[in-house]
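Here the structure is laid out as structure tokens; the discussion comes afterwards.
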Amino acid sequence: LTGGSVAVTGAVYDYATAGLTSKVLAFGPIHVGAAAVTDTIAVANTLTAPAAGFQDNLSASATAVAGVSATSVSELAAGSSANLTFTADTSVARSLAGTVTLGLTSTNTVSGLDTRTLTTTATFGTTGAVYDYAKPTYDATTLAFGNLRTGATVAAQGITVNNLVVTDAAYQESLAVAATSANGKLSLAGLAGLEAGVTAGTVSVEAVTTTGGSLAGNVSLGFTSLAKANTGLTDTALTAGSVAVTGAVYDYATAGVTSQTLAFGNV
């Protein structure tokens, strides 16, 4: 008999299939104010359908760590890939360590069917930290030794120096202070390393009284922010300071007499 035909419509669609490579996002260590540091996670919509036109698109977003922002990926077609970019905020000192979680969704843009939150495990560790430089403050009051005699014993005077906490002492570098002066009659002792927020340190200034001379001048304070151990950062020279010194050391008069005979003759 004469044959017939029946039209068939419809299609079977795959959900998006997320393809991810495990990695750790590394952001430092870095200093506050450094150029932005970024890292990426590659996200693929792995083709599983016989043809790309029968697999839904993939969207990905990230729940990031404090101090780290992230971009998202929308409508990633089957067989293609893109990067999620993560950027560390360098304006504030803090830890950047934690865990990033990706939210992965198969959209219905291609199929017109339901969307689905994918259950693919998508967590990534982050490492790094942002560190504040040391924050030196010091007592700039003039050191007045007054007028002294040679050989006098006089107590050393001190310049009080602090390393103020900017954000978090755990993420702030220690402070070294080098004291120098053009006046050789001042004996100086600096500070090797003053931790943020601890008791103030003292730069010792002592008058050398072995010989006479002026004590007037300035003590120059060279401040260095000391990088924390095992961070890979380098020490950083900070803006220097200066403290005035006044006083003088005076010798007693020193008599000089020439031996001679006073001859008046016979008168």
Side-chain angles (χ1 to χ4, degrees), residues 1-132 167-168 170-171 230-233:
L1 302 175
T2 302
S5 67
V6 177
V8 179
T9 62
V12 179
Y13 291 88
D14 272 326
Y15 290 100
T17 300
L20 302 167
T21 301
S22 178
K23 68 175 295 186
V24 174
L25 298 168
F27 296 108
I30 48 181
H31 276 130
V32 164
V37 178
T38 63
D39 203 348
T40 60
I41 293 175
V43 179
N45 186 0
T46 305
L47 181 62
T48 57
F54 295 95
Q55 183 169 320
D56 273 325
N57 293 344
L58 176 69
S59 291
S61 60
T63 302
V65 175
V68 178
S69 60
T71 60
S72 59
V73 171
S74 296
E75 302 296 339
L76 187 62
S80 60
S81 62
N83 285 334
L84 289 177
T85 300
F86 295 80
T87 304
D89 175 14
T90 64
S91 65
V92 178
R94 62 181 135 194
S95 172
L96 299 173
T99 301
V100 168
T101 301
L102 298 190
L104 302 166
T105 303
S106 178
T107 71
N108 64 354
T109 306
V110 175
S111 66
L113 301 170
D114 60 304
T115 61
R116 172 180 285 187
T117 299
L118 304 181
T119 58
T120 303
T121 300
T123 58
F124 298 83
T126 64
T127 62
V130 183
Y131 291 93
D132 276 316
T167 307
D168 183 341
Y171 294 95
N230 302 317
T231 63
L233 298 173

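Residue indices begin at 1 and follow the sequence shown. Please read all numbers here as calculations on a predicted model, not as lab measurements. Just the heavy atoms: all of them, side chains too, but no hydrogens, waters or symmetry mates, feed the values below.
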Distance (rounded to the nearest 0.5 Å) between [X] [atom1] and [Y] [atom2]:
| X | Y | atom1 | atom2 | result |
| --- | --- | --- | --- | --- |
| L102 | S61 | CG | OG | 8.0 Å |
| T38 | F86 | OG1 | CZ | 11.0 Å |
| N45 | L76 | CG | CG | 5.5 Å |
| L47 | Q55 | CG | CD | 5.5 Å |
| T105 | Y15 | OG1 | OH | 12.5 Å |
| S106 | L58 | OG | CG | 7.0 Å |

Got T126 and V68 here, is their nearest side-chain heavy-atom distance under 4.5 Å? no
Is the shortest side-chain heavy-atom distance between L96 and V130 below 4.5 Å? yes
With sequence neighbours left out, write down each residue that passes salt bridge (Lys or Arg N to Asp or Glu O under 4.0 Å) with D14, or none if nothing qualifies. none
Neighbour count above 12 (heavy atom, 6.0 Å) for D114 CG: yes
Could you note down all residue pairs passing ring pair (Phe, Tyr, Trp, His ring centres under 6.0 Å) where residues 21-43 supplies at least one of them, sequence neighbours left out? H31-Y133
Heavy-atom pair with the smallest gap, counting every atom of [X] and [Y]:
| X | Y | value |
| --- | --- | --- |
| T46 | G19 | OG1-CA, 3.7 Å |
| L25 | D39 | CA-OD2, 3.4 Å |
| V110 | G53 | CG1-O, 3.4 Å |
| A62 | V100 | CB-CG1, 4.1 Å |
| A36 | T87 | CB-CG2, 4.0 Å |
| Y171 | A129 | CE2-CB, 3.8 Å |

Are L104 and L20 close enough, and set up right, to give a side chain to side chain contact (heavy atoms under 4.5 Å, CB included), and what steps lead you there? CA-CA 11 Å; L104 302 166; L20 302 167; 3.9 Å; yes
If we ignore hydrogens and angles and just use 3.5 Å, is the side chain of T90 paired with the main-chain N or O of A35 as donor and acceptor? no
Taking atom types as modelled and ignoring hydrogens, do the side chains of T167 and D132 form a donor-acceptor contact shorter than 3.5 angstrom? yes
For S91 and D89, which I'm curious about, is there any donor-acceptor pair between the side chains at under 3.5 Å? yes
Decide, yes or no, whether a salt bridge links R116 with D56 under the criterion of side-chain N to carboxylate O below 4.0 Å. no
